[in-house]
Amino acid sequence: MALFVQLLALALALALDPAATLAGPAKSPYQLVLQHSRLRGRQHGPNVCAVQKVIGTNKKYFTNCKQWYQRKICGKSTVISYECCPGYEKVPGEKGCPAALPLSNLYETLGVVGSTTTQLYTDRTEKLRPEMEGPGSFTIFAPSNEAWASLPAEVLDSLVSNVNIELLNALRYHMVGRRVLTDELKHGMTLTSMYQNSDIQIHHYPNGIVTVNCARLLKADHHATNGVVHLIDKVISTVTNNIQQIIEIEDTFETLRAAVAASGLNTMLEGNGQYTLLAPTNEAFEKIPSETLNRILGDPEALRDLLNNHILKSAMCAEAIVAGLSLETLEGTTLEVGCSGDMLTINGKAIISNKDILATNGVIHYIDELLIPDSAKTLFELAAESDVSTAIDLFRQAGLGTHLSGSERLTLLAPLNSVFKDGTPPIDAHTRNLLRNHIIKDQLASKYLYHGQTLETLGGKKLRVFVYRNSLCIENSCIAAHDKRGRYGTLFTMDRVLTPPMGTVMDVLKGDNRFSMLVAAIQSAGLTETLNREGVYTVFAPTNEAFRALPPRERSRLLGDAKELANILKYHVGDEILVSGGIGALVRLKSLQGDKLEVSLKNNVVSVNKEPVAEPDIMATNGVVHVITNVLQPPANRPQERGDELADSALEIFKQASAFSRASQRSVRLAPVYQKLLERMKH
């Protein structure tokens with residue numbers, strides 16, 4: 001419980017002031033992770049840190065809160081071990097790690113931190129050991145023993161065969177001529193090494209991982225009398241080429257090299273900055289259909305978008321990826337960068353074949369698959385990755401393919417595949433015209449659409465935009481997914497086939513034999529002009545069967561009283577357009593009569609006043625018609641409401657009688673009479 005309270009206090013402090021910590025001065029991400037590991041290990045004694053070890057490997061990580069609960073690193077299970085925190089050691093017979101490590105010189109400290117191979121190679125040089133044991137202030141990024149052992153044999157042979165030049169220079173490159181602790185290691189900074197003043201690149205990531213030329217810091221801040229030792233997981237080497245120079249010298253980047261030159265991005269890639277280039281190999285380009293590749297390479301804007309989609313805004317070393325991250329590209333898209341064991345993944349695919357090729361202005365990872373952004377795709381290519389393949393086949397069969405692969409500025413309204421679960425319509429003149437009305441003559445973005453906006457289609461129709469609280473609809477069809485914006489066209493994924501309006505509400509009703517009695521009633525009530533003129537109406541249209549279902553006497557009385565008939569019919573007309581996709585759970589729609597209609601949607605069934613709608617969304621130029629099989633009654637006409645009104649009137653009479661009885665004793669006898677009247681009215 002005490003540990004939980006401490007962790008909660010730390011979380012609250014960081015939430016209230018991200019720059020604050022329990023110790024006072026701002027701590028680096030590495031120090032915060034180390035602090036969390038200390039808290040998790042505290043139950044095992046002082047200065048004990050919880051460490052996560054990836055099962056089946058020697059990889060260990062100080063644990064942050066998320067990793068602690070997930071118990072995974074790069075998707076691989078971990079076990080928790082408890083070790084002495086950096087700078088401390090065990091004492092026989094005592095709990096935890098109560099003793100600070102004895103302070104010694106750099107050379108001796110190398111052995112303490114587990115870099116005895118570095119110590120051994122230092123011995124082989126004539127000059128370096130005396131320097132490490134002597135006075136001064138130095139920092140050494142010491143490769144672990146495993147790091148030295150993992151070097152290719154030919155590299156290691158070249159170092160040890162010339163110890164006073166090659167090996168000495170390699171070791172000096174790992175050293176800085178002053179003491180540098182982790183709180184000074186800032187993301188994107190460079191340190192000047194002791195080998196020809198060459199730069200060492202430092203990256204300090206928000207998850208607490210620190211890299212040195214993309215080698216991970218394993219244990220940091222081991223103090224020595226003449227400096228500090230940081231243990232790293234690789235042997236690092238000097239970096240001399242920028243990203244553009246690496247592209248120019250690598251044979252596997254022949255196509256990329258030509259693309260970069262054509263796009264004009266070479267100036268940026270050889271300049272200052274810190275980028276991550278996900279560099280597509282020749283093989284990656286070869287996987288793309290030649291027609292698509294030639295189109296992109298011949299279009300400067302599409303080509304630039306393509307290449308920018310392979311460049312991250314900051315340097316991201318592979319060792320910094322221990323879980324999924326969303327990283328933004330220069331093109332503005334977001335890539336999901338993750339890992340699976342030792343493999344890096346992009347959008348869930350293990351397509352990185354070579355990682356952590358360091359440049360002076362960033363890092364390169366080789367990828368074997370091209371990352372084509374939506375902004376470089378045609379409508380056909382956008383649709384290929386969406387759940388609208390059935391609709392796309394219909395457009396192609398209808399001879400509209402050139403519109404979807406050309407350079408016209410268009411927006412495609414493509415219904416989901418599920419819309420056609422019962423089959424597709426035959427390709428005839430009607431279907432072709434319908435499909436043409438699913439193509440808008442402009443490249444749109446849904447976030448800029450507004451209520452009442454009209455959109456012109458290739459078929460010549462004017463479509464209306466309806467904006468509701470939780471949906472955005474074009475006529476009867478609502479947008480079902482985020483739009484995809486391509487090079488020239490935008491794809492809107494729609495939840496149903498769109499039906500353009502075909503005349504006014506009165507035209508719709510007159511053209512359907514189911515509504516002959518309703519049409520006659522509208523004419524008798526004098527509402528024909530209302531439903532013919534411009535407006536925004538939602539009409540719940542009772543069928544002939546609905547009128548016939550009325551008791552004969554009530555039907556005759558209703559049809560013979562123009563005023564009451566008009567009142568009833570106005571109750572069937574809402575004063576705004578409400579299509580089924582805009583209903584949500586419940587909408588109270590004001591009618592022309594004045595009372596409100598309760599319109600709901602449950603299990604894809606529309607209901608009005610709890611009565612199901614037989615057919616929704618027949619679009620008209622001045623509204624929408626929903627077919628119903630009963631005649632709706634306004635609240636004042638319903639039997640229950642009439643009874644309640646009579647009861648309320650009787651109650652008022654009773655109250656007046658009671659008041660009168662208190663004023664005159666002679667009237668007390670009247671109170672029971674009114675009480676009986678009230679009870680009769682209630683029942």
Side-chain angles (χ1 to χ4, degrees), residues 413 415 419 434 437-438 449-455 457 461-480 492 494-515 518-519 521-522 527-543 546 569-593 595-602 604-609 611-632:
L413 310 179
V419 173
L434 179 64
N437 287 321
H438 281 71
L449 297 180
Y450 57 88
H451 192 77
Q453 184 178 2
T454 58
L455 312 173
T457 72
K461 291 290 184 180
K462 298 284 188 180
L463 305 179
R464 296 158 297 180
V465 176
F466 305 122
V467 178
Y468 301 103
R469 183 173 297 277
N470 296 310
S471 55
L472 177 62
C473 305
I474 301 173
E475 294 298 336
N476 62 304
S477 185
C478 301
I479 296 176
F492 286 178
M494 311 303 289
D495 66 352
R496 67 197 67 198
V497 174
L498 183 146
T499 54
M502 304 295 289
T504 66
V505 167
M506 281 305 297
D507 293 331
V508 170
L509 297 177
K510 288 180 178 179
D512 193 324
N513 291 332
R514 292 178 294 176
F515 304 122
L518 174 60
V519 169
I522 290 171
L527 295 177
T528 303
E529 183 180 349
T530 299
L531 298 181
N532 257 331
R533 67 185 177 212
E534 287 188 11
V536 285
Y537 304 118
T538 295
V539 179
F540 293 95
T543 60
L569 293 178
K570 285 180 179 180
Y571 184 63
H572 288 72
V573 183
D575 64 356
E576 60 180 285
I577 295 178
L578 180 63
V579 299
S580 60
I583 294 171
L586 176 67
V587 174
R588 301 189 73 220
L589 179 65
K590 185 179 179 181
S591 71
L592 297 187
Q593 177 263 355
D595 289 315
K596 290 187 175 180
L597 298 157
E598 291 190 354
V599 188
S600 60
L601 180 68
K602 185 176 181 181
N604 293 321
V605 176
V606 179
S607 297
V608 55
N609 293 349
E611 295 291 336
V613 169
E615 181 185 346
D617 300 333
I618 303 175
M619 304 309 296
T621 55
N622 58 346
V624 60
V625 175
H626 302 299
V627 182
I628 58 176
T629 56
N630 60 300
V631 177
L632 304 176

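Nothing fancy with the numbering, it's 1 onward along the sequence. Note that the coordinates shown come from a computational prediction; the quantities given were computed from them, not determined experimentally.
Considering only heavy atoms from C-beta on, Tyr571 comes within 4.5 Å of Asn609 through its side chain. Taking the side chain as every heavy atom from C-beta outward, Val508 and Met619 never approach each other to under 4.5 Å. For the pair Leu578/Phe466, no side-chain contact is recorded, criterion being any heavy-atom separation below 4.5 Å from C-beta on. Here the side chains of Thr530 and Val505 are not in contact, with every heavy-atom distance at 4.5 Å or above. Residues Asn476 and Ser580 fail the side-chain proximity criterion, which asks for heavy atoms closer than 4.5 Å. Residues Val624 and Pro501 have side chains not in contact (no heavy-atom distance under 4.5 Å, counting atoms from C-beta outward).
Asp617 is linked by a salt bridge (charged side-chain N to carboxylate O under 4.0 Å, His left out) to Arg496, counting only residues two or more places apart in sequence or in another chain. In terms of the side chain to side chain contact (heavy atoms under 4.5 Å, CB included) criterion, residue partners of Asp512 (sequence neighbours excluded) are, by chain and number, Arg514, Phe515. Every side chain to side chain contact (heavy atoms under 4.5 Å, CB included) that Val631 has, sequence neighbours left out, goes to Pro542, Ala546, Phe547, Leu550, Ile568, His572, Gln633. Listed by chain and residue number, Phe540, Val606, Val608, Pro616, His626, Ile628 satisfy the side chain to side chain contact (heavy atoms under 4.5 Å, CB included) test with Val613 (two or more places apart in sequence, or in another chain).
Between the side chain of Asn622 and the backbone N or O of Thr504, no donor-acceptor pair lies under 3.5 Å. No donor-acceptor pair closer than 3.5 Å links the side chain of Thr538 to the backbone N or O of Gly574.
With values rounded to the nearest 0.5 angstrom, Thr528 atom OG1 is found 6.0 Å from Lys510 atom NZ. Interatomic distance, CG of Leu455 versus CG of Leu413, reported as 8.0 Å (0.5 Å rounding). In this structure, CG on Asp507 lies 6.0 Å from CG on Asn532, to the nearest 0.5 angstrom. Taking CG from Leu597 and NZ from Lys590, the interatomic distance works out to 12.0 Å, rounded to the nearest 0.5 Å. Once rounded to the nearest 0.5 Å, the distance linking CG of Leu472 with CD1 of Ile479 reads 4.0 Å. Distance SG/Cys478 to CE/Met494: 6.5 Å, rounded to 0.5 Å.
Here the shortest heavy-atom pairing between Leu589 and Val599 reads CB-CG2, 4.3 Å. The shortest heavy-atom contact between Tyr537 and Glu534 is OH-O, 4.2 Å. Heavy-atom minimum distance, Gly584 versus Leu601: O-CB, 3.3 Å. Heavy-atom minimum distance, Val579 versus Tyr468: N-OH, 3.3 Å. What you find for Ala614 and Thr629 is that their closest heavy atoms are CB-CG2, 4.0 Å. In terms of heavy-atom proximity, Gly581 sits nearest to Cys473 at C-SG, 4.2 Å.
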- Query: Do Met506 and Val519 pass the side-chain contact (heavy atoms from CB on, under 4.5 Å) test, and can you show the C-alpha distance, the side-chain angles, and the key distance before you say yes or no?
  - Reply: CA-CA 8 Å; Met506 281 305 297; Val519 169; 4.2 Å; yes
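The salt bridge (Lys or Arg N to Asp or Glu O under 4.0 Å) contacts involving residues 461-479 comprise Glu456-Lys462, Arg464-Glu475, where partners must be two or more places apart or lie in separate chains. Every pair tested for salt bridge (Lys or Arg N to Asp or Glu O under 4.0 Å) that includes a residue from residues 571-583 fails, sequence neighbours excluded, so the list is empty.
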